[in-house]
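Data block below; observations after.
To find a chain, count down the sequence lines: A is the first, B the second, and so on, and within it residues start at 1.
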There are 2 protein chains.
Amino acid sequence: MPHNEIKADIIQSVDVAISVLMEVAANPDCRLSNIARSLGETKPRILRSLRTLEHRGLVQKTHEGGYLLGNAMLVLGTAASMQIDLVKIAGPVLESLALKAYETVQLRIRDNTEALCIAKAEPSRDLRVHAVVGRRRPLYAGSSKVLLAFLPEDLRNELLPISLDSMTARTITERAKLVQELETIRATGYCISRGEVSEQLVSVSLPVRGYDGSVLAAINIAAPAFRTQEADLDRYRSLLVEGAAKISAGLGWSR
Amino acid sequence: MPHNEIKADIIQSVDVAISVLMEVAANPDCRLSNIARSLGETKPRILRSLRTLEHRGLVQKTHEGGYLLGNAMLVLGTAASMQIDLVKIAGPVLESLALKAYETVQLRIRDNTEALCIAKAEPSRDLRVHAVVGRRRPLYAGSSKVLLAFLPEDLRNELLPISLDSMTARTITERAKLVQELETIRATGYCISRGEVSEQLVSVSLPVRGYDGSVLAAINIAAPAFRTQEADLDRYRSLLVEGAAKISAGLGWSR
DNA sequence: CTAACGGTTACGATAGACGTAACATGCGAA
DNA sequence: TTCGCATGTTACGTCTATCGTAACCGTTAG
């Protein structure tokens, strides 16, 4: 059976069960057949998975037969946010930044080859940038570039895909230009993106450092371009400097 | 093997993997051997589970070798709070109540034979009641009684344990008295607990209803007894009436 | 030094998870 | 009505994926 060559001691049943969880998370109220089809598995297998997950409260079945994440998931989720220092410490800081900047603030980490949003805070105004915990973005576009910039050179090169897909007209797609931009980011310590990911948005971002000085995450403020002047970007930047310092300090970093 | 007789199509490997998750959630930074011992499983089995979970980012290993919940868990957790109507709708209401009452507010559901806290909001004052999402309490003591009161009679009797353990001197331990109290709660529509669960605490609670009028949850405000007058309890009660109505309405209930 | 413990690997035996196939049910079209 | 095509479910025999044992490293402690 020439199936998956590389597999390091993974329990398949658990692995598909996790896939099922992810699927339910991504498609609320989805049904057995959908999941089976999306994952390319047989229905009985998925059914068994779902039953097991339901048994433990990780998913629940609506009276119409759709599946949702369950209460145990809430419990595990809040436990996670208490256990992960980064989130625990960053939470209040993000809130405070969102209040002061009156724009959306996000905390992102690098998850393998992508940037992953793991926390956010949104201002209470009608028009605002919408952030989603769990959303992934390429590392080379927009604010996420900071996560790339401070990486050891070999790893950085490894993580840069051969071709840089352009998300908007302003996305940097030339590798050389990107490398140069990363250099600038490392020098100045921050990154400003104007419409690289989404035409109408601008954002400022800064690195967050761990106890050993390594860059663990990036915080950024994202705003609609039309209401954001240069002066605002400057303000956001200094707010972020303060916020990043606070989080980094909480993680044990002393410059 | 005279082990567990009743089991309805549960995948064991997944089941223990979930147990492992729970264990990691409850004991941050715990180690392989601990988990294996707590669960009464062999080390290799748990190691395989952990590896699989780590592979998918549900847990992560600290450089010291302890295990924590991982980033994927955060994602699933926030997905859960967006999917579960009750939490989604109640969230802002709880926040607003906590602000007005300036005391801790909790949302609880019945999970089998226990009350389970699935959301909370705490005021920003130094001395406050500490609530934990995921904490379980018996159904018959304190605020949780509302969850019992509105249940169909047969189920209610089934869920009452033979002996009511007293948590404090004020816990109701006589079954007859409890039944009478439940009657009162049903009649008045709310429940006040004075030190039934913890000596120094008082709390008021009300039922939250689903689209069909069934009681899905209970919200309560808990406060230190020493700073809570009768008038405060009254205020909390009317705040809760308002809040419960808002949540119930959000769930599709029209009296 | 040995003993004890945590983590890990190897491997062969077997329980248990697997897919196939068939059944149940509902819905809509022909 | 009957047929077709979905979804969800059960049954069952096959065989594989998962299990525990045992042995192996390291490190710590005594």
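- Atom CD1 in B/I11 sits roughly 18 Å away from atom P in D/dT16 (whole-Å rounding).
- Shown here are the salt bridge (charged side-chain N to carboxylate O under 4.0 Å, His left out) partners of A/R186, two or more places apart in sequence or in another chain: A/E183.
- Between A/S13 and the phosphate of C/dA17, there is no side-chain N or O to OP1/OP2 separation shorter than 4.0 Å.
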Which pairs of donor and acceptor atoms, one on a side chain in residues 15-29 of chain A, lie under 3.5 Å apart (sequence neighbours left out)?
from: A/D15; atom 1: OD1; to: B/R56; atom 2: NE; distance (Å): 3.0
from: A/S19; atom 1: OG; to: A/D15; atom 2: O; distance (Å): 3.2
from: A/S19; atom 1: OG; to: B/R56; atom 2: NH2; distance (Å): 2.3
from: A/E23; atom 1: OE2; to: A/S38; atom 2: OG; distance (Å): 3.4

I'd like a table of atom pairs between the protein and nucleotides 24-30 of chain D - only N or O on both sides, under 3.5 Å - with the distance next to each one.
none

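- Within the helix from C/dC1-D/dG30 to C/dA30-D/dT1, the inter-axis angle between the opening and closing five-pair segments is 30°, rounded to 10°.
- Residues forming a salt bridge (charged side-chain N to carboxylate O under 4.0 Å, His left out) with A/R209 (at least two apart in sequence, or on another chain): none.
- A straight line from CD of B/Q12 to C1' of C/dA17 spans 9 Å, rounded to a whole angstrom.
- A/I109 is linked by a side-chain contact (heavy atoms from CB on, under 4.5 Å) to A/L86, A/L116, A/I118, A/A217, B/N71, counting only residues two or more places apart in sequence or in another chain.
- Under the side-chain hydrogen bond (donor to acceptor under 3.5 Å, both in side chains) criterion, A/R136 pairs with A/D111, not counting sequence neighbours.
- Residues forming a salt bridge (charged side-chain N to carboxylate O under 4.0 Å, His left out) with A/E122 (at least two apart in sequence, or on another chain): A/K120, A/R128.
- Among residues at least two apart or in separate chains, salt bridge (charged side-chain N to carboxylate O under 4.0 Å, His left out) pairs with a member in residues 66-85 of chain A are A/D85-A/K88.
- The salt bridge (charged side-chain N to carboxylate O under 4.0 Å, His left out) test applied to A/K43 returns no partner, not counting sequence neighbours.
- Without hydrogens or angle criteria, A/Y140 side chain to A/R175 main chain gives no donor-acceptor distance under 3.5 Å.
- Residue pairs that meet the ring pair (Phe, Tyr, Trp, His ring centres under 6.0 Å) test with at least one member in residues 32-58 of chain A, sequence neighbours left out, do not exist here.
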Using a 4.0 Å cut-off on protein heavy atoms (strictly under), produce a 5'-to-3' string for nucleotides 3-10 of chain C with B for base contact, S for backbone-only sugar-phosphate contact, and - for none. ---BBBB-
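- Here the nucleotide nearest the side chain of A/R45, chosen from C/dC18, D/dT21, C/dG16, is C/dC18.
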